[in-house]
Amino acid sequence: MAAGNDSIDFTRFHNRLRVKGLLRAETAIRIGSGGGGGPTEHDLPVLKDVQGRPYIPGSSFKGAFRAHLERLLRGVDESLACASTSRPREAGRLPGCLTQGDVEEIKERHTDDPAALAQEVLRRSCWTCSLLGAPWLASKVLVRDLTIDPATWFDRFQVRDGVAIDRDTETAAEGLKYDFEAVPAGAEFRFEMIIENASKPELGLALLGLREFERGNVPLGGATSRGLGSVNLQINWAGSEWLEADQLRDYFAGKPAGTLEDEHKREEYWQAFTSALNAAKEAQGHA
């Protein structure tokens, strides 16, 4: 089921894409720290580094990235992206992907053949698990923590009031008022994503996720239903790094890697992704 993995030998380096850019908060954004840290803190502070500046964990970006891709893929075919937050243990209980029971059964059949074990796990993994990882499958995508661009940070947080609404009276519930911090609109965070050993269709899938962030279609953080969390990703494609195995000798000699600045080059991976989608639809029709 996985998109284009069968020809990849994962014991070798095949390719690496590194993209950088800026993630701009179009509205206030809130990545919570999980609770107040002291008597002077607000009820719900934002996550801060040791210098008191806000940052966005790479896991928060990657989680939103993955969840959005899963929604899009399931809109095409339920089997392309599993319900990754629900992992029943019984074998065969997760359409389009593996459960823990499936993995244990595969391990028993391939005890003496690690390569065959890896290939079957990849073949039976859904597209998002293949690209972004599962409990038994390493992710091909790394997102570094997004640090604030000092030029856009003026050491000021917004403080907003929140209140729970009584469903019966449709008024503010007594004693349930609180306040929370948010990073003001206009703040920009440095972004870096690394994708390694992805097949062409998987690169196309990753580019789809990045494009959705570029278009502002993916909210980030908490309180998005209240208007927070609108972001826009501005990728520096000219500063990207694209390295393939046949370029390694030159790379070792100090020559720079290529880029994916050329939109036609990126189109190659987009077409591979759409072709894989069509192939999956055809296979589903013959099933």
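Values below: every heavy atom of this structure, side chains too, minus hydrogens, waters and symmetry copies. On a predicted model such as this, the values are computed, not experimentally measured, just so you know.
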How long is the straight-line distance from [atom2] of [Y] back to [atom1] of [X], given to the nearest 0.5 Å?
X: E120; Y: D113; atom1: CD; atom2: CG; value: 10.5 Å
X: C126; Y: L73; atom1: SG; atom2: CG; value: 8.0 Å
X: T27; Y: I29; atom1: OG1; atom2: CD1; value: 7.5 Å
X: E192; Y: I235; atom1: CD; atom2: CD1; value: 12.0 Å
X: R53; Y: D149; atom1: CZ; atom2: CG; value: 10.5 Å
X: R211; Y: L233; atom1: CZ; atom2: CG; value: 13.5 Å

In terms of hydrophobic clustering (I, L, V, M, F, W, Y; side-chain heavy atoms under 4.5 Å; direct or indirect links), are [X] and [Y] co-clustered?
X: F252; Y: F13; value: yes
X: L22; Y: L207; value: no
X: F65; Y: W237; value: yes
X: Y269; Y: I194; value: no
X: L210; Y: L72; value: yes

Less than 4.5 Å apart, side chain to side chain, heavy atoms only: is that true for [X] and [Y]?
X: L80; Y: T128; value: no
X: L208; Y: W270; value: yes
X: P54; Y: I31; value: no
X: K107; Y: L117; value: yes
X: L277; Y: W127; value: yes
X: V218; Y: V231; value: no
X: V141; Y: M193; value: yes
X: K200; Y: F273; value: no

*Apply side chain to side chain contact (heavy atoms under 4.5 Å, CB included) to L23 and N232, showing your working.*
CA-CA 6 Å; L23 184 77; N232 175 264; over 6 Å; no

Less than 4.0 Å between a side-chain N and a carboxylate O, is that true for [Y] and [X]?
X: R30; Y: E181; result: no
X: E268; Y: K265; result: yes
X: E196; Y: K140; result: no

With distance as the sole test, does [X] use its side chain to make a donor-acceptor pair with the main-chain N or O of [Y] at under 3.5 Å?
X: R266; Y: E261; result: yes
X: S130; Y: S125; result: no
X: E202; Y: S199; result: yes
X: D145; Y: G58; result: yes
X: T259; Y: A238; result: no
X: Q247; Y: E244; result: yes
X: S240; Y: V19; result: no
X: N197; Y: R12; result: yes
X: N236; Y: K20; result: no

_Evaluation steps, side chain to side chain donor-acceptor pair (under 3.5 Å), between T99 and D102_ = CA-CA 5 Å; T99 66; D102 293 319; 3.1 Å; yes

*Which residues satisfy the salt bridge (Lys or Arg N to Asp or Glu O under 4.0 Å) test with E188, sequence neighbours excluded?*
R24

For residues [X] and [Y], report the shortest heavy-atom separation together with the two atoms involved.
X: C82; Y: E70; value: O-OE2, 3.9 Å
X: F213; Y: A64; value: CZ-CB, 4.2 Å
X: L17; Y: L260; value: CD1-CD1, 3.7 Å
X: A187; Y: I148; value: CB-CD1, 3.8 Å
X: F157; Y: P184; value: CA-CD, 4.4 Å
X: H110; Y: A116; value: ND1-CB, 3.6 Å

_Can you confirm whether or not the ring centre of F189 sits under 6.0 Å from the ring centre of F61?_
no

*Given the side-chain rings of Y55 and W153, with only the six-membered ring counted for Trp, is the space between their centroids under 6.0 Å?*
no

*asked:* Does atom NZ (K62) have a neighbourhood of more than 12 heavy atoms from anything else shown, all under 6.0 Å?
replied: yes

*Is the number of heavy atoms from other residues, nucleotides or ligands within 6.0 Å of CZ (R109) greater than 12?*
yes

*Take L122 and L137 through the test side chain to side chain contact (heavy atoms under 4.5 Å, CB included) and record every step on the way to the result.*
CA-CA 8 Å; L122 287 166; L137 191 61; 3.7 Å; yes

*Please test E241 against R16 for side chain to side chain contact (heavy atoms under 4.5 Å, CB included), starting from the C-alpha separation and ending with a verdict.*
CA-CA 8 Å; E241 180 184 274; R16 183 178 68 218; 3.0 Å; yes

*Compute whether any side-chain donor of one residue and acceptor of the other, for N278 and S275, lie under 3.5 angstrom apart.*
no

